[in-house]
Number of protein chains: 2
Amino acid sequence: MAGVKFSRQRQAIIDYLCSTKEHPTAETVYTNVRINYPNVSLGTVYRNLNLLADEGEILRLTCGDGSDRFDGNPKPHYHFLCNNCGRVIDLDIEPMNHIDVLAAAGFDGTIEGHTVLFNGTCPKCKTS
Amino acid sequence: MAGVKFSRQRQAIIDYLCSTKEHPTAETVYTNVRINYPNVSLGTVYRNLNLLADEGEILRLTCGDGSDRFDGNPKPHYHFLCNNCGRVIDLDIEPMNHIDVLAAAGFDGTIEGHTVLFNGTCPKCKTS
DNA sequence: AACAATAATGATAATTGTTACTATTATTAT
DNA sequence: ATAATAATAGTAACAATTATCATTATTGTT
């Protein structure tokens with residue numbers, strides 16, 4: 001990583017993101033990093049989340065519910081958004097490369113990839 | 001539509017959305033409606049876009065590129081976002097209902113639907 | 001270990017996209 | 001025409017995010 005120096009704050013952000021499956025927003029990352037670094041700034045959180053997402057170390061999820069969410073697992077995978085509680089959950093399914101082929105049919109551009117967001121009712125909301 | 005009255009401004013917004021394939025942002029809708037209604041307000045545009053999207057008369061697209069976009073065609077269909085120019089293009093492919101079945105495997109919640117956004121290089125950016 | 005180069009920070013201001021408020025105007029049913 | 005009420009324009013407020021900048025931390029070099 002040319003021109004990038006280590007920082008305790010960035011490491012704390014990575015550590016927190018890797019410790020949770022909750023797909024937190026920048027605000028939630030901030031709240032949690034502040035437990036160990038009480039005077040970290042929200043700007044630092046945003047700056048590092050952007051840096052890490054640009055580097056491909058984390059994933060940014062735009063679910064259309066106000067703020068972006070982040071995922072410490074950078075490997076492409078699929079997500080589910082609960083229509084009821086807004087929770088975002090990882091889905092354990094294989095990459096659906098074949099849909100890129102479907103999309104490419106009759107399209108003059110080049111398909112490089114896709115993002116999919118499934119929605120419905122999550123397990124917790126189903127049983128309560 | 002209970003409790004909803006006609007308005008020239010709302011009709012102009014619908015007319016503009018149905019006249020374009022460009023998936024405009026609220027700001028772009030505003031700019032274009034102002035050609036015929038020079039003192040329409042941006043708040044009116046937002047209010048009506050939200051109303052129409054809630055009623056299912058138009059589609060709201062959240063592509064993660066700053067502002068939401070809108071589509072005068074409310075029938076569910078798929079979109080492509082150009083990594084280079086940011087243009088959003090309709091894809092003419094069939095609904096991929098089968099991916100909901102894939103997603104449901106091993107998931108304890110209920111899958112009700114999905115949104116997919118393909119990305120890559122659009123035809124115009126490819127040839128220039 | 002001190003030093004120099006420069007990346008990162010905290011604090012805060014600024015920006016952007018969007019929503020809320022309110023007095024006035026437009027639509028619609030009677 | 002009238003009355004009821006939805007919609008408007010204009011503006012203020014808001015939330016999420018980015019920019020600015022003086023200070024601090026990291027890192028490679030002597």
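Source: prediction; values computed, not measured. Each chain gets a letter, A, B and so on, in the order its sequence line appears, and its residues count up from 1.
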Taking CG from A:Leu61 and C1' from D:dA16, how many angstroms apart are they, rounded to a whole number?
16 Å
Give the nucleotide from the list D:dT26, C:dA8, C:dT27 with an atom nearest to the side chain of A:Val4.
C:dA8
In this structure, are over 12 heavy atoms from other groups packed under 6.0 Å from A:Asp92 atom CG?
no
Given that B:Gly66 and B:Arg8 both sit by DNA chain C, which one's nearest nucleotide is further toward the 5' end?
B:Gly66
In terms of side-chain heavy atoms of A:Lys5, which of C:dG17, D:dT8, D:dT27 is nearest?
D:dT27
For A:Asp65 and C:dG17, give me the distance from atom CG to atom P, rounded to whole Å.
19 Å
If I take atom CZ from residue B:Phe118 and atom CG from residue B:Leu81, how far apart are they, to the nearest 0.5 angstrom?
12.5 Å
For C:dA26 and B:Gln9 - does any side-chain N or O of the residue sit under 4.0 Å from the phosphate oxygens OP1/OP2?
no
Positions of residues 11-50 of chain A (non-hydrogen atom under 4.0 Å from DNA chain C), listed by number:
A:Asn39, A:Val40, A:Ser41, A:Thr44, A:Arg47, A:Asn48
Starting at atom CZ of B:Arg10, determine the distance to atom C1' of C:dA26, rounded to an integer number of angstrom.
12 Å
Under 3.5 Å, side chain of A:Arg10 to main-chain N/O of A:Lys5, donor-acceptor pair present?
yes
Out of D:dT26, D:dA16, C:dA8, whichever nucleotide has its closest atom nearest the side chain of A:Ser67
D:dA16
Any donor-acceptor pair under 3.5 Å linking the side-chain atoms of A:Asn119 with those of B:His114?
no
Return the value, rounded to whole Å, for the distance between atom CZ of B:Phe6 and atom C1' of D:dT5.
17 Å
Using a 3.5 Å distance criterion without hydrogens, assess whether the side chain of A:Lys126 forms a donor-acceptor pair with backbone atoms of B:Asp108.
yes
Please check if the side chain of B:Thr20 supplies one atom and the backbone of B:Leu17 the other of a donor-acceptor pair under 3.5 Å.
no
Using whole Å, report how far CG of A:Asp54 lies from C1' of C:dA7.
16 Å
Spacing of B:Leu51 atom CG relative to C:dT18 atom C1', expressed in whole Å
16 Å
Can A:Thr31 and A:Thr28 be counted as having a side-chain donor-acceptor contact under 3.5 angstrom?
no
